[in-house]
Amino acid sequence: MDTNSFEALVVDKQGDDFKIGLQEMKLEDLSQGEVVVRVHYSSLNYKDGLACMANGGIVRSYLHIPGIDLAGTVLSSTDSRFSTDQKVIVTGFGLGVSHSGGFSSIARVPADWVVPLPPALELDEAMMIGTAGLTAALSIERLEYNGLSPQRGTVLVTGATGGVGSFAVALLAARGYQVAASTGKEAEHDYLRSLGASEIISREALNPASRRPLEKQAWAAAVDPVGGSSLAYILASLQYGGSVAVSGLTGGGDLPTTVHPFILRGANLLGIDSVHYPIERRYPLWEQIAVDLKSSGKLNQIGSSRIRLTEIPEYTEKILDGRIRGRIVIEI
């Protein structure tokens, strides 16, 4: 492929004037890095939706290529760890935020951000998983490190039809957990049960009109990509010694809680950041995700919509409004 002329989705902002669209780029237009990748697939995440908005608060400087995930083949590398035609994954770090991202036919990235594709996965499957699946897997890893096991009881997953939520339900079920999936979408109950949820909880049930510092003990743990007021209720409803792994704030950034769950029930609030997760620990985690999802058949049940670069603008509103089920894979 000619790296001196390729197509990318570019956002630009000059004063109040914001533009988004396809543009011809050259390798010299990209951020610096040791590895040049022919991008085959990317994916659409909530953060990408913000990057494609005029006032999303994500992009550091313009012109900019969004896309916090990519999967493709190495075109060239000055780092000996990677060779031409090798299949690789890049997620997180500064990709698509402070560094030109994956919504491009060609990407150039630091070698320390690159993960070899696990043998059990295809490139498109890696982007079906993407940052969302990695975040869900990291959430479960942290919960298990803090004592969670299937014998402890039911695990709650909020925002269960979204990317992180869908993967959390599927991965937990594949590992033998009883899963309670929370959603505000009645039409998606069958979908969540197909992923392995044994119980469906309405979004409203996690936001009762009246609250107490401590509620009845209900869940052994929770995976929460939502945050906000429902997180306060979840903390108050954990079993003794339970943990919540929180990775998002689609429900808001405020946490109206008390110290009671922490000092009277030993609750743990675990912050999950997949962006700067150490590179040396990413490959084993990707391998574990591949094993859990492929052996259980859950990956295809989560499913994904396939779109082109030109369709990204119309899908950003949907993902920001919570109108996406599962994953959006972008074919480059």
Side-chain angles (χ1 to χ4, degrees), residues 128-129 132-207 215-227 230-231 233-248 250-251 267-270 272 274 285 288-304 322 324-327:
M128 288 173 66
I129 297 166
L134 189 68
T135 301
L138 179 55
S139 299
I140 297 167
E141 181 182 73
R142 287 286 305 281
L143 289 171
E144 291 182 336
Y145 179 82
N146 282 271
L148 181 65
S149 65
Q151 294 73 36
R152 291 288 300 274
T154 299
V155 180
L156 173 69
V157 176
T158 65
T161 61
V164 176
S166 291
F167 277 105
V169 172
L171 288 167
L172 284 164
R175 296 175 74 84
Y177 287 93
Q178 292 292 308
V179 182
S182 172
T183 181
K185 305 172 184 177
E186 292 188 11
E188 302 292 5
H189 289 193
D190 288 344
Y191 164 69
L192 293 172
R193 290 192 176 93
S194 76
L195 297 183
S198 55
E199 179 184 357
I200 309 294
I201 296 176
S202 71
R203 182 187 300 157
E204 292 73 23
L206 302 181
N207 287 280
E215 303 286 347
K216 180 180 178 182
Q217 297 185 43
W219 301 293
V223 175
D224 181 34
V226 175
S230 62
L231 175 55
Y233 181 78
I234 294 166
L235 284 165
S237 305
L238 286 177
Q239 296 174 15
Y240 187 88
S243 302
V244 181
V246 59
S247 59
T250 58
N268 301 297
L269 182 58
L270 309 175
I272 303 301
S274 61
L285 192 58
Q288 186 63 58
I289 295 169
V291 169
D292 288 346
L293 291 178
K294 296 294 285 286
S295 63
S296 67
K298 298 295 183 183
L299 183 56
N300 289 330
Q301 288 175 285
I302 292 173
S304 63
I324 298 293
R325 175 216 270 187
R327 296 284 285 155

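We count residues from 1, following the sequence as given.
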Checklist entry - Can you check whether Ala160's main-chain N or O pairs, donor with acceptor, with Ser166's side chain at less than 3.5 Å? => result yes

Checklist entry - Hey, is the main chain of Leu293 close enough, under 3.5 Å, to the side chain of Ser296 for a donor-acceptor pair? => result yes

Checklist entry - Is there side-chain contact between Tyr191 and Ile302, with heavy atoms separated by less than 4.5 Å? => result yes

Next on the checklist: Do Tyr177 and Leu148 have side chains that approach each other closer than 4.5 Å (heavy atoms only, starting at C-beta)?
Outcome noted: yes

Next on the checklist: Working to the nearest 0.5 angstrom, can you tell me the gap between Leu206 CG and Ser237 OG?
Outcome noted: 8.0 Å

Checklist entry - Does one side chain, of Asn207 or Ser230, offer a donor that lies under 3.5 Å from an acceptor on the other? => result no

Item to check | Under 3.5 Å donor-acceptor, Arg152 side chain and Gly147 backbone | outcome: yes

Checklist entry - Is a side-chain donor or acceptor of Thr158 paired with a backbone partner of Ser182 at a separation under 3.5 angstrom? => result no

Checklist entry - Can you tell me how far CD1 of Ile234 sits from CG of Leu156, rounded to the nearest 0.5 angstrom? => result 5.0 Å

Next on the checklist: How close do Leu238 and Ala221 get, counting heavy atoms only, and between which atoms?
Outcome noted: CD2-CA, 4.0 Å

Checklist entry - Counting distance only, does the side-chain N/O of Gln217 pair as donor-acceptor with the main-chain N or O of Tyr240 below 3.5 Å? => result yes

Checklist entry - Say you draw a straight line from OG of Ser243 to CG of Asn146; how long is it, rounded to the nearest 0.5 Å? => result 4.5 Å

Next on the checklist: If we ignore hydrogens and angles and just use 3.5 Å, is the side chain of Lys298 paired with the main-chain N or O of Leu195 as donor and acceptor?
Outcome noted: yes

Checklist entry - How long is the span from the CG atom in Leu143 to the OG atom in Ser149, to the nearest 0.5 Å? => result 11.5 Å

Checklist outcome for this item: Between Pro225 and Thr250 the two heavy atoms that sit nearest each other are O-OG1, 3.7 Å

Next on the checklist: Whether the side chain of Arg327 engages the backbone of Met128 through a donor-acceptor N/O pair (distance < 3.5 Å, no angle test) should be reported.
Outcome noted: yes

Item to check | For Leu171 against Ala136, the heavy-atom pair lying closest together | outcome: CD1-CB, 4.2 Å

Item to check | Shortest non-hydrogen separation from Gly163 to Ala132 and the atoms involved | outcome: C-CB, 3.6 Å

Next on the checklist: So which atom in Asp292 and which in Ala174 form the shortest heavy-atom distance, rounded to 0.1 Å?
Outcome noted: O-CB, 3.7 Å

Checklist entry - What distance separates Leu192 CG from Ile200 CD1, expressed to the nearest 0.5 Å? => result 4.5 Å

Checklist entry - Taking the side chain as C-beta and beyond, is there a heavy-atom pair between Arg325 and Lys185 under 4.5 Å? => result no

Item to check | Any donor-acceptor N or O pair under 3.5 Å, side chains Thr154, Gln178 | outcome: no

Next on the checklist: Evaluate Arg175 against Glu144 for side-chain contact (heavy atoms from CB on, under 4.5 Å), listing each step before the verdict.
Outcome noted: CA-CA 11 Å; Arg175 296 175 74 84; Glu144 291 182 336; 3.0 Å; yes

Next on the checklist: So which atom in Ala180 and which in Ile201 form the shortest heavy-atom distance, rounded to 0.1 Å?
Outcome noted: CB-CD1, 3.8 Å

Next on the checklist: I want to check something: taking the side chain as every heavy atom from C-beta on, are Ile140 and Leu172 in contact at a cut-off of under 4.5 Å?
Outcome noted: yes

Checklist entry - Hey, does Val179 have a side-chain heavy atom less than 4.5 Å from the side chain of Glu199? => result no

Checklist entry - Does the Glu215 side chain pair with the main chain of Ala236, one donor and one acceptor, at a distance under 3.5 Å? => result no

Checklist entry - For Val226, does its backbone N or O pair with a side-chain atom of Asp224 as donor and acceptor, under 3.5 Å? => result yes

Checklist entry - Any side-chain heavy atom of Trp219 within less than 4.5 Å of one from Val155? => result no

Checklist entry - Does the side chain of Leu270 come within less than 4.5 Å of Val244's, by heavy atoms? => result no

